[in-house]
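Worksheet for the structure shown next.
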Amino acid sequence: MADIRNNPYLAHMHDSAQNEADSNANQAFAKLVPQKTTAAQQEAAENDDYNGLTGRQFSEKYKQILAKRRELPVNKQRQGFLDLIHNHQFVVLVGETGSGKTTQIPQYMLLDMLPQTEGKLIACTQPRRVAAMSVAQRVAEELDVKLGQEVGYSIRFEDCTSSKTMLKYCTDGMLLREAMSDNLLSRYSAIILDEAHERTLNTDILMSLMKNIATKRSDIKIVVMSATLDSEKFQKYFNDAPLLTVPGRTFPVEIYYTPEPERDYLDASIKTALQIHATEPEGDILVFLTGEEEIEEACRLLRARGDDLIRRAQCGPLLIVPLYSTLPPNMQQKIFEKAPEPRTKGGAPGRKIVVSTNIAETSLTIDGIVYVIDPGFAKQKVYNPRVRVESLLVSPISRAAAQQRAGRAGRTRPGKCFRLYTEKSFQNDLIEQTYPEILRSNLGTIVLQLKKLGIDDLVHLDLMDPCAPEVLMRALELLHYLGALDDDANLTQIGHIISEFPIDPQLAKMIITAADYGCTNEALSIAAMLSVPNVFVRPREAQRAADAAKGEFAHMDGDHMTLLNVYHAYKSCSEPAQWCWDNFLQLRSLKSADNIREQLRRVAVKFDIPLLSNDFNSPSYYPQIRKALTAGYFMQVAHLERNGQYLTVKDNQMVLLHPSSVLDRKPEWVVYNEFVLTKRHYIRTVTEVKPEWLLEIAPHYYHLESFPACEGKRILEKIALKNSILQDDQEKKRRKKDKKEKKDKKDKKEKKDKKDKSKKEKRRRDSD
DNA sequence: CTACTCTCC
């Protein structure tokens with residue numbers, strides 16, 4: 001704190017003040033009464049010369065930002081918001097882009113609740129890491145504090161908070177993790193859920209959790225913020241919570257539809273883009289397509305046809321940029337480059353065309369976009385509980401998504417959106433909202449989390465959109481077989497441990513069991529490698545070289561061991577960047593695998609799982625690892641039938657080894673990491689196992705009566721029979737041995753008893 | 001003989 005007495009510029013304050021503490025205190029701030037503040041009182045506290053949170057004098061920059069904050073649409077409704085939150089536990093707030101809700105509402109809450117006076121804090125959740133970080137940074141500036149002190153953020157691998165923190169932005173996944181060890185979120189006096197309209201898995205679960213917590217903690221306040229107008233559903237879900245609507249600040253976007261349906265949307269998008277370039281005024285174009293391959297193809301075509309157009313029609317130059325998440329970061333940066341200058345001074349203006357997946361729908365904002373081309377499709381995850389498979393399907397987007405895409409044209413000035421479908425189709429064929437993720441996912445991990453969150457009654461699980469019972473059953477079944485849930489669907493000891501690992505339950509089970517096989521270190525590495533995007537790069541122009549490079553790491557047992565080889569090689573190379581480039585590996589993925597491995601290792605240590613490795617030169621080095629793998633993946637096994645085709649053992653799906661597999665032979669028994677549903681059914685990331693292991697490691701699963709008939713089943717039955725005969729033999733021998741031992745023991749005991757008796761009697765006699 | 005839409009712990 002600056003000492004006023006030594007500061008000549010502030011001497012007048014010292015003179016007039018009663019004492020030093022009072023003189024540089026924020027009087028207005030000191031008058032705030034928790035949960036009784038008014039907008040006027042809050043503004044007075046913000047207008048003071050001193051920061052009520054830190055006691056420091058406000059900076060010039062603070063005052064400049066404050067003026068801007070006052071102009072945000074949400075500020076006009078500060079009093080309205082405070083009135084609602086004073087009288088209700090839940091408030092639903094709808095604010096479109098540009099309303100200022102994400103930065104301002106948490107600050108209003110902070111001044112109103114003063115959580116720090118009770119040693120608590122306020123959390124505001126975001127679906128994405130970057131958002132949590134950048135908003136926290138912004139709000140720290142607005143409050144004139146250092147990021148990580150009074151205002152901080154918390155995301156995976158990075159906790160930027162301190163004991164001083166009173167407002168924390170975090171990913172919703174992070175808050176969920178916290179709730180797993182503190183079911184009532186008792187550290188928090190208020191929770192603000194942002195971007196709730198996106199309905200991510202984590203947001204949906206958090207919403208359910210908040211409803212649950214609210215019944216047990218009358219003191220907690222909850223604000224649910226959404227950008228869409230289907231607020232009624234939110235209000236209803238949160239016990240008829242009151243609604244506050246805040247207008248946004250964007251520019252109008254004109255919508256155009258095609259008169260007739262387009263047969264080939266790729267071709268239509270290219271034509272539309274070039275037509276815009278030829279006829280519309282300056283402004284960049286954003287085209288939404290579905291995936292990497294399609295986007296690269298579109299860029300090629302655009303470049304070729306664009307050159308032609310520029311030559312013939314004297315249009316300006318074009319900058320064509322692809323955008324999707326697996327694009328290397330330096331390539332992603334290109335979307336922020338300016339449109340090219342006219343070829344000659346005063347000539348036709350240049351234009352930038354960004355061809356993107358729906359990463360540009362929410363995650364990335366590109367300034368300067370004036371035209372949006374929306375063919376109306378996206379790759380979306382779907383879950384089929386019957387075959388227990390998640391897959392990607394190109395499917396029509398929802399009206400809400402179409403609206404979101406169109407909005408991308410109006411961020412800097414009025415724009416236009418060209419929808420490559422008819423208006424009738426928009427009204428009749430598109431669904432209102434995208435199905436929330438929870439209805440499109442395998443719920444294994446989720447159910448485990450819910451149990452850990454203390455939400456036990458899954459039958460009456462209160463979700464905004466209840467999931468299909470069959471999907472729940474699948475999840476319970478999986479967790480039961482893994483030993484994470486007991487017969488009454490309660491968390492077991494192992495289940496507790498599995499739930500603490502931030503990976504698929506099968507992988508966690510593998511790590512835990514690996515301790516029995518002396519190979520936890522290797523299991524950690526494999527689990528990490530399986531939890532990151534594909535490490536193998538295969539550029540179209542160098543496919544052979546890439547395949548050859550991958551071949552260098554190939555392990556004859558299969559892909560899991562190959563991944564282990566890659567990880568080991570990565571850890572021992574001296575120039576990771578160059579080495580990855582030379583070997584067609586994705587440095588980003590490997591770095592991330594390393595981070596994740598470290599996180600997993602810490603969880604293992606926390607639960608006293610010993611970190612073991614077998615002797616690398618021992619012949620059992622790899623078999624032990626494969627056994628650990630089997631302990632996690634015994635439900636994902638395929639058998640090579642005599643006709644040369646693989647059948648999954650549990651439900652007789654015909655599958656093919658994925659062509660990316662390093663296995664150039666067809667082992668009879670394999671476990672697989674993933675079932676891929678495209679034109680054909682593939683199993684991807686595959687390793688050879690022995691049928692004996694299946695029965696040995698997962699006897700509870702291999703109750704063969706319930707399995708459909710196939711060769712694999714017959715072989716397993718034979719082995720089981722042999723085992724049982726052996727077992728009977730052993731049992732007999734053991735019983736014999738037991739009998740003998742018992743008899744021996746009995747004899748011994750009788751002898752001893754006799755001795756004791758005589759001793760006792762002797763003592764008694766002695767004492768008498 | 002082929003894929004990784006997008007996130008998150």
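Note on naming: letters A, B, ... go to the chains in the order of the sequence lines (proteins, then strands), and numbering restarts at 1 for each one.
Residues forming a side-chain hydrogen bond (donor to acceptor under 3.5 Å, both in side chains) with A:Lys679 (at least two apart in sequence, or on another chain): none. For A:Ala475, the side-chain contact (heavy atoms from CB on, under 4.5 Å) partners two or more places apart in sequence, or in a different chain, are A:Leu443, A:Val447. Residues passing the ring-ring contact (aromatic ring centres under 6.0 Å, His included) test with A:His681, sequence neighbours excluded: A:Phe675. Residues that satisfy the side-chain hydrogen bond (donor to acceptor under 3.5 Å, both in side chains) test with A:Gln543, not counting sequence neighbours, are absent from this structure.
For B:dC6, one of the phosphate oxygens OP1 or OP2 lies less than 4.0 angstrom from a side-chain nitrogen or oxygen of A:Ser325. Put simply, A:Thr678 has a side-chain N or O that comes within less than 4.0 Å of OP1 or OP2 on B:dA3. In terms of phosphate contacts, A:Arg129 brings a side-chain nitrogen or oxygen within less than 4.0 Å of OP1 or OP2 of B:dC9.
Using a 4.0 Å heavy-atom distance criterion, A:Pro533 is classed as a base contact. Within 4.0 Å of A:Tyr682, counting heavy atoms only, lie sugar-phosphate atoms of the nucleic acid but no base atom. When heavy atoms are screened at a 4.0 angstrom cut-off, A:Glu292 is found touching the sugar-phosphate backbone but no base atom. At a threshold of 4.0 angstrom between heavy atoms, the contacts of A:Phe501 with the nucleic acid are absent.
Minimum atom distance to the side chain of A:Ser363 is reached by B:dC6, of the listed B:dC8, B:dC6, B:dT5. For A:Asn202, counting side-chain heavy atoms from C-beta on, the closest listed nucleotide (B:dC4, B:dT5, B:dC8) is B:dC8. Of the listed nucleotides (B:dT7, B:dT5, B:dC9), B:dC9 has the atom at the smallest distance from the side chain of A:Arg156.
Summarising the geometry, the separation between CD on A:Glu294 and P on B:dA3 is reported as 14 Å, rounded to the nearest angstrom. In this structure, A:Met133 atom CE and B:dC9 atom P are separated by 11 Å, rounded to whole Å. Between the OH atom of A:Tyr672 and the P atom of B:dA3 there is a distance of 17 Å, given to the nearest Å. The nearest whole Å value for the distance from the CG atom in A:Leu393 to the C1' atom in B:dC6 is 15 Å. Atom CZ in A:Arg440 sits about 15 Å away from atom P in B:dT5, given to the nearest Å. Computed from coordinates, the A:Leu289 CG to B:dT5 P distance equals 12 Å when rounded to whole Å. In this structure, A:Asp204 places its CG atom 14 Å from C1' of B:dC8, rounding to the nearest Å. Separating the CG atom of A:Leu656 from the C1' atom of B:dT2 is a distance of 11 Å, rounded to the nearest angstrom.
With the nearest nucleotide of DNA chain B identified for both A:Ile359 and A:His658, A:His658 has the one nearer the 5' end. Nearest-nucleotide positions on DNA chain B for A:Thr357 and A:Ile503 put A:Thr357 closer to the 5' end.
Glycosidic torsion of B:dC4 falls within 90° of 0, placing the base in syn.
Using a 4.0 Å cut-off between a side-chain N of Lys or Arg and a carboxylate O of Asp or Glu, A:Arg408 and A:Glu361 do not qualify as a salt bridge. One finds a salt bridge joining A:Arg538 and A:Asp547 here, because a Lys/Arg side-chain nitrogen approaches an Asp/Glu carboxylate oxygen to under 4.0 Å. Ion pairing of A:Glu296 with A:Arg300 is absent here, as no side-chain N (NZ or NE/NH1/NH2) approaches a carboxylate O to less than 4.0 Å.
Listed by first and then second residue, the salt bridge (charged side-chain N to carboxylate O under 4.0 Å, His left out) pairs that reach into residues 653-665 of chain A are A:Arg665-A:Glu688, sequence neighbours excluded.
You'll find a donor-acceptor pair under 3.5 Å spanning the side chain of A:Arg538 and the base of B:dT2, going by distance alone.
Listed by residue number, A:Thr171, A:Gly173, A:Met174, A:Arg177 are the residues of residues 169-182 of chain A with a heavy-atom contact under 4.0 Å to DNA chain B.
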